[in-house]
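First up is the structure itself, then whatever we jot down about it.
Residue numbers run from 1 in the order of the sequence given. All values below were derived from every heavy atom in this structure, side-chain atoms included, with hydrogens, water molecules and symmetry-related copies excluded.
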Amino acid sequence: MKKRKKEEQNNGIKITSYSAWLTVIAGILIIGAIILWACIVNIDDIVQGAGQCENGVITCYFRVQDVKHLEEGMDITVSGKSYKIEKIEAEMYKPEELPNNILYYSQNSSWYQKVIAPCDLEDGTYQVQSKIGIIKPISFMGGESD
């Protein structure tokens, strides 16, 4: 009996197969690629609203909670063109006080504020957006929350 145990101990121990190691390495490479992507990529933080253009001036309506991120001189984008915000009005509007098609192009909200910018668009109603910052995906991983 002692001899048999000794022979068993002399045999090599097979821990895992090559395919298992390849799977582990592939998993590590995928996780590394995701972390690298999260460190490199930038995602634009955008607020959206709607605007009514008349006679070279676009009056935009943004949700009140979005207007706090906007400042005079910032860019708004309409149909791929950028325009500078000239004025942000303090007065707030209920949805029923907005012009006809504005609610179709804007996000739902209880209150809206006006943002005015000169433009070279044809008269009409447009979807409007403004970039308020940049977010890195890595910031969502394990940081402090507000």
Side-chain angles (χ1 to χ4, degrees), residues 5 8-146:
K5 281 189 178 185
E8 287 177 6
Q9 290 175 350
N10 288 338
N11 293 337
I13 299 172
K14 186 175 181 181
I15 296 174
T16 183
S17 66
Y18 292 114
S19 62
W21 281 111
L22 290 175
T23 304
V24 169
I25 291 170
I28 291 171
L29 289 174
I30 289 171
I31 291 170
I34 290 170
I35 292 171
L36 182 64
W37 171 84
C39 291
I40 294 174
V41 169
N42 292 324
I43 300 172
D44 292 338
D45 190 8
I46 294 174
V47 293
Q48 296 197 2
Q52 184 76 38
C53 180
E54 288 184 16
N55 302 322
V57 175
I58 188 162
T59 303
C60 307
Y61 296 87
F62 288 95
R63 299 180 314 169
V64 170
Q65 60 265 36
D66 293 339
V67 171
K68 68 181 178 183
H69 301 291
L70 301 176
E71 297 175 6
E72 293 176 1
M74 286 179 74
D75 287 335
I76 57 169
T77 305
V78 184
S79 299
K81 296 181 181 179
S82 291
Y83 304 100
K84 296 275 183 208
I85 296 174
E86 190 173 82
K87 183 179 180 185
I88 298 174
E89 293 188 0
E91 188 176 351
M92 293 188 283
Y93 300 89
K94 293 182 180 180
E96 57 269 10
E97 298 172 329
L98 301 180
N100 295 338
N101 296 328
I102 292 296
L103 290 177
Y104 177 76
Y105 289 97
S106 69
Q107 298 176 346
N108 291 338
S109 182
S110 300
W111 295 95
Y112 294 87
Q113 275 181 271
K114 273 188 195 179
V115 173
I116 299 169
C119 66
D120 59 359
L121 300 166
E122 293 182 20
D123 290 355
T125 306
Y126 296 90
Q127 190 166 21
V128 180
Q129 62 184 20
S130 181
K131 181 174 138 182
I132 58 172
I134 295 173
I135 300 171
K136 286 203 169 286
I138 194 74
S139 67
F140 295 112
M141 297 180 190
E144 292 182 17
S145 59
D146 292 332

If I compare all heavy atoms of [X] with all of [Y], which pair ends up nearest, and what's the gap?
X    : Y    : value
S109 : W111 : OG-O, 2.9 Å
I85  : I76  : CG1-CG2, 3.6 Å
L103 : P95  : CD1-O, 3.8 Å
I46  : Q129 : CG2-CB, 3.6 Å
Q48  : D66  : O-OD2, 4.1 Å
Y83  : A117 : CB-CB, 4.4 Å

Would you say that more than 12 heavy atoms from the other residues, nucleotides or ligands in this model lie under 6.0 Å from the [atom1] of [X], or not?
X    : atom1 : value
K87  : NZ    : no
D123 : CG    : yes
E72  : CD    : yes

*In a check of side chain to side chain contact (heavy atoms under 4.5 Å, CB included) between V47 and each of V128, V67, L70, which one passes?*
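The residue from V128, V67, L70 that satisfies side chain to side chain contact (heavy atoms under 4.5 Å, CB included) with V47 turns out to be L70.
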
Approximate separation, where rounding is to 0.5 Å, of [X] [atom1] and [Y] [atom2]:
X    : Y    : atom1 : atom2 : result
E54  : T125 : CD    : OG1   : 9.0 Å
E97  : Y61  : CD    : OH    : 10.0 Å
L98  : Q52  : CG    : CD    : 10.5 Å
I34  : C39  : CD1   : SG    : 12.0 Å
I135 : I43  : CD1   : CD1   : 6.5 Å
Y126 : I58  : OH    : CD1   : 7.5 Å

_If the threshold is 4.0 Å, N to carboxylate O, is there a salt bridge linking D75 and K84?_
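Salt bridge flag = yes for K84 with D75.
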
_Step-by-step side-chain contact (heavy atoms from CB on, under 4.5 Å) determination, K136 to V41_ = CA-CA 6 Å; K136 286 203 169 286; V41 169; over 6 Å; no

*asked:* side-chain contact (heavy atoms from CB on, under 4.5 Å) for K81 and D120? Distances and angles first, verdict last.
replied: CA-CA 9 Å; K81 296 181 181 179; D120 59 359; 3.9 Å; yes

*Decide side-chain contact (heavy atoms from CB on, under 4.5 Å) for K131 and T77; before the verdict, give the C-alpha distance in whole Å, the side-chain angles of both, and the deciding distance to 0.1 Å.*
CA-CA 8 Å; K131 181 174 138 182; T77 305; over 6 Å; no

_Side chains of Y112 and M92 in contact at under 4.5 Å (non-hydrogen atoms)_ =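 No; the side chains remain at least 4.5 Å from each other.
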
_Polar side-chain atom of Q113 near backbone of E89 as donor-acceptor pair, under 3.5 Å_ =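 The answer is yes, because a donor-acceptor pair under 3.5 Å joins these two groups.
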
_Apply side-chain contact (heavy atoms from CB on, under 4.5 Å) to residues D45 and I134 and explain how you reach the verdict._
CA-CA 5 Å; D45 190 8; I134 295 173; over 6 Å; no

